[in-house]
Amino acid sequence: MNHWLFKSEPDSFSIDALGKAPRQTTAWDGVRNYQARNMLRDSIKKGDQAFFYHSSCEVPGIAGIVAVVKEGYPDKTAFDPGHHHYDADSDEHEPRWFVVDVKLVRKFDRIITLDELRRHAGKALKDFVLLRRGNRLSVMPVTNKEWEFVLTLE
DNA sequence: GCCAACGTTGGC
DNA sequence: GCCAACGTTGGC
């Protein structure tokens, strides 16, 4: 089982919104970055778990854990001209963008803040992709060691 | 709202 | 293939 971190702006989709979704499951759609797309399409497997990260908000940080319940398949929002994430260049026969389905595992009692994660950037989280300067990936890998360490902060 | 950092686009 | 211009991300 591999681990990941998925970013979302809580104003558009928060961990509480996932908690209220049918079967607490949703398609992780709208990713429009090739590196992240490749992970969604090729690397992320059923049973993998991911941190649910809240970005661009008052308290950025990790809000909980989700599990992958369905592996990569085409992102339908790319085909819908009325959709905010529409991409005219994504063809149904040769889709450009992909999603996985995720299900809420649990919400943390508190946010593990970005600030707090940074305090370990020199050591345990030395190579944590989230903390890399200028990092803008919305889907990124997390090593087993990093995963276990972050859980000790909870 | 600001701005640094980054990815993408398109002219050449 | 280079690189300037532009749009987006995301912390502050």
Side-chain angles (χ1 to χ4, degrees), chain A residues 2-21 26-44 48-66 68 71-102 104-143 145-147 149-154:
Chain A
N2 289 312
H3 296 101
W4 310 91
L5 182 145
F6 289 5
K7 274 186 202 167
S8 180
E9 299 185 16
D11 285 347
S12 56
F13 190 73
S14 67
I15 197 162
D16 287 332
L18 178 57
K20 287 176 194 148
T26 191
W28 200 267
D29 60 25
V31 173
R32 298 291 181 267
N33 167 284
Y34 288 104
Q35 222 183 320
R37 184 281 308 274
N38 292 345
M39 290 185 262
L40 290 170
R41 187 188 58 189
D42 306 327
S43 309
I44 301 178
D48 285 358
Q49 294 198 343
F51 289 133
F52 192 126
Y53 180 86
H54 282 174
S55 68
S56 294
C57 57
E58 203 169 333
V59 187
I62 299 172
I65 296 174
V66 297
V68 176
E71 290 176 16
Y73 64 97
D75 185 341
K76 294 189 192 73
T77 67
F79 307 138
D80 175 1
H83 199 282
H84 182 236
H85 295 297
Y86 175 62
D87 179 0
D89 294 332
S90 184
D91 185 291
E92 300 227 21
H93 300 289
E94 203 175 337
R96 173 180 292 188
W97 305 115
F98 285 73
V99 302
V100 298
D101 285 356
V102 298
L104 181 65
V105 172
R106 65 191 172 92
K107 178 187 168 182
F108 294 157
D109 291 335
R110 62 179 193 87
I111 301 269
I112 299 175
T113 66
L114 176 61
D115 192 50
E116 199 176 345
L117 294 168
R118 282 218 181 97
R119 278 183 233 137
H120 304 278
K123 217 173 165 195
L125 299 179
K126 184 161 50 74
D127 300 314
F128 202 43
V129 179
L130 180 76
L131 301 179
R132 248 180 235 164
R133 189 165 152 277
N135 168 62
R136 285 168 45 186
L137 274 180
S138 60
V139 172
M140 67 192 81
V142 174
T143 68
K145 274 189 178 174
E146 289 161 350
W147 181 269
F149 178 79
V150 169
L151 290 180
T152 67
L153 299 176
E154 192 187 347

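None of these values were measured; they are calculated from a predicted model.
Between the CG atom of A:L5 and the P atom of C:dT9 there is a distance of 16 Å, given to the nearest Å. When the C1' atom of C:dT9 is taken as reference, atom OH of A:Y34 falls 17 Å away, rounded to whole Å. In this structure, CZ of A:R96 is placed 12 Å from C1' of B:dT9, rounded to the nearest angstrom. Here B:dA5 presents its C1' atom at 14 Å from CG of A:N33, a figure rounded to the nearest Å. Note: CD (A:Q35) to C1' (B:dG7) measures 10 Å, nearest angstrom. Across the protein-nucleic acid pair, A:H85 atom NE2 and C:dT8 atom P stand 12 Å apart, rounded to whole Å.
Considering OG of A:S138 and CD of A:Q35, their distance stands at 10.0 Å, rounded to 0.5 Å.
A:D75 and A:T77 share a side-chain donor-acceptor pair at under 3.5 Å.
Ring orientation note: the planes of A:F6 and A:W28 are tilted relative to one another, at an angle of 30° to 60°.
A:D48 places a side-chain N or O within 3.5 Å of a backbone atom of A:N2 that can act as its donor or acceptor partner.
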N/O to N/O distances under 3.5 Å, protein versus nucleotides 10-12 of chain C:
from	atom 1	to	atom 2	distance (Å)
C:dG10	OP1	A:K7	NZ	2.5
C:dG10	OP1	A:R136	O	3.3
C:dG11	OP1	A:Y53	OH	2.8
C:dG11	OP2	A:S56	N	2.8
C:dC12	OP1	A:R118	NH1	2.9

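The side-chain heavy atoms of A:L131 and A:L125, taken from C-beta on, include a pair separated by under 4.5 Å.
The six-membered or imidazole ring of A:W97 lies near that of A:Y34, with a centre-to-centre distance under 6.0 Å.
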